[in-house]
Number of protein chains: 2
Amino acid sequence: MFNKETEYALRSMVYIQAQNLKGRKPGVEEIAGATEAPRHFTAKILHRLARSGFLLSSKGKGGGFFIDREKPSVSILDVVKEVEGQKIFSGCVFGLKNCSNEHPCPLHSRYVSIRESLGEMLSTETILSLAMKYPAYQ
Amino acid sequence: MFNKETEYALRSMVYIQAQNLKGRKPGVEEIAGATEAPRHFTAKILHRLARSGFLLSSKGKGGGFFIDREKPSVSILDVVKEVEGQKIFSGCVFGLKNCSNEHPCPLHSRYVSIRESLGEMLSTETILSLAMKYPAYQ
DNA sequence: TTATTAAATGACCTTTTTGTCATTTATTCA
DNA sequence: TGAATAAATGACAAAAAGGTCATTTAATAA
């Protein structure tokens, strides 16, 4: 479905959110372990998410990653768009550059409704909503 | 959605089928041109599809690729499975190794129905059904 | 103020995907 | 038969994705 970087980003953020809810700020080591993702690659991704405003971090003892409690929780789609761009919505099963209602590929009409369902799911679920319903990270 | 190889394979097969319906057997050059795919990569993919029984070919003057008229047309899913394996059905939005009803990721329940819709589309549409309704390749 | 902890940073490496090319083999037709 | 045509084959190369590592910077606490 998504590339590895996006998957790790989603799992990391959900794990961080779940831990934040318990008053904890997990570090890279813990996050990578809990989400079963490569340690260093996870560090790179977390850094990226922090630079783009999806995460906050603190250095030094007791430091780690956390999510701004003031802002409303970001949607899964927001994270996906940040990490791998808009391609979910422009993606065509047939691989056409500009597949649209005007120039549809032969699967277009059937695919649009599926893509809309996907978009609906990804934009209504948030990091917080997933953190609250995923016991494995709590 | 799919990788490049799969996209080129689908477009090539639909183009070949559409041309076959007009009594023609297109060659690599023509197929790559019509489907806007790289010439040599297309040749490699066509060869692969021929070896795995999805295409027939003839060498020499007047030669080219064609699809067995005796067999029922293969589904889009058949082609996808051949080129990139089963991963469409095991794919988890969250990237979990064994995401299932028993061990669901937090998006599992919402995603399964979307994946089923996708599977339904890909298994009911065939190379022939697409060839017949895609004027661009006729 | 120094040792410790943990994130920040950037260079680098590996694997997979994507794409190219030269040569060989088979077929057709004059 | 031999010239032309077109697929078969396998080696190679480029680009993108995935992943690692060493060093630096910042914060904390003894």
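In this text the structure is predicted, and so the values were computed from the model without any measurement. By convention in this document, chain letters (A, B, ...) are assigned in the order of the sequence lines, proteins followed by strands, and residues within each chain are numbered from 1. Reckoned from all heavy atoms, side chains included, excluding hydrogens, waters and symmetry mates.
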_Please report the distance, rounded to the nearest Å, between CZ in Arg39(A) and C1' in dA8(C)._
12 Å
*asked:* Quick check on Lys22(B): does its NZ atom have over 12 non-hydrogen neighbours (other residues, nucleotides or ligands) under 6.0 Å away?
replied: yes
*Considering only heavy atoms, which members of residues 4-27 of chain A lie under 4.0 Å from some atom of DNA chain D?*
Lys4(A), Tyr8(A)
*Sugar-phosphate atoms are those with a prime plus P, OP1 and OP2; base atoms are the rest. Using that split, label each nucleotide of nucleotides 22-30 of chain D B, S or - for protein heavy atoms under 4.0 Å, 5' to 3'.*
---BSBS--
*Check whether any side-chain N or O of Thr124(B) sits under 3.5 Å from a backbone N or O of Glu120(B) as a donor-acceptor pair, and report yes or no.*
yes
*Should Tyr8(A) and Tyr137(A) be counted in the same cluster of Ile, Leu, Val, Met, Phe, Trp and Tyr side chains packed under 4.5 Å apart?*
yes
*Tell me: CD of Glu30(B) to C1' of dA6(D), nearest whole Å?*
13 Å
*Between dT20(D), dA8(D), dG19(C), which one does the side chain of Pro38(A) approach most closely?*
dT20(D)
*Can you list the other members of the hydrophobic cluster that holds Val112(A), where links are side-chain heavy atoms under 4.5 angstrom apart?*
none
*Grab the CG-P distance between Leu55(B) and dA6(D) for me, whole Å please.*
18 Å
*What is the distance from CG of Leu46(A) to C1' of dG19(D), rounded to the nearest Å?*
14 Å
*Run the numbers on Glu82(A) and Arg48(A) for side-chain contact (heavy atoms from CB on, under 4.5 Å), then give the verdict.*
CA-CA 10 Å; Glu82(A) 164 62 27; Arg48(A) 178 177 173 185; 4.0 Å; yes
*Taking the nucleotide of DNA chain C with the closest heavy atom to each, which residue, Ala50(A) or Lys44(A), is nearer the 5' end?*
Ala50(A)
*Would one find more than 12 heavy atoms of other residues, nucleotides or ligands at under 6.0 Å from atom NZ of Lys4(A)?*
no
*Calculate the interatomic distance between Phe41(A) atom CZ and dG10(C) atom C1'; express it in whole Å.*
15 Å
*For Leu49(A) and dA7(C), what is the distance between atoms CG and P respectively, to the nearest whole Å?*
14 Å
*Atom-to-atom span, NE2 of His47(A) to P of dA11(C) - whole angstrom*: 13 Å
*Report the nucleotide, chosen from dA11(D), dT9(C), dA7(C), that has the shortest atom-to-atom distance to any side-chain atom of Ser57(A).*
dA7(C)
*Assign the ring pair Phe94(A) / Tyr134(B) to parallel, tilted or perpendicular, where the plane angle (0 to 90°) is split at 30° and 60°.*
perpendicular
*asked:* Has Glu84(A) got a side-chain atom pairing as donor or acceptor with Phe2(A)'s backbone, closer than 3.5 angstrom?
replied: no
_d(NZ, Lys87(B); P, dT16(C)) in whole Å_ = 12 Å
*For dT9(D), does OP1 or OP2 lie under 4.0 Å from any side-chain N or O of Arg51(B)?*
yes
*Salt bridge between Glu36(B) and Lys97(A), side-chain N to carboxylate O under 4.0 Å?*
no
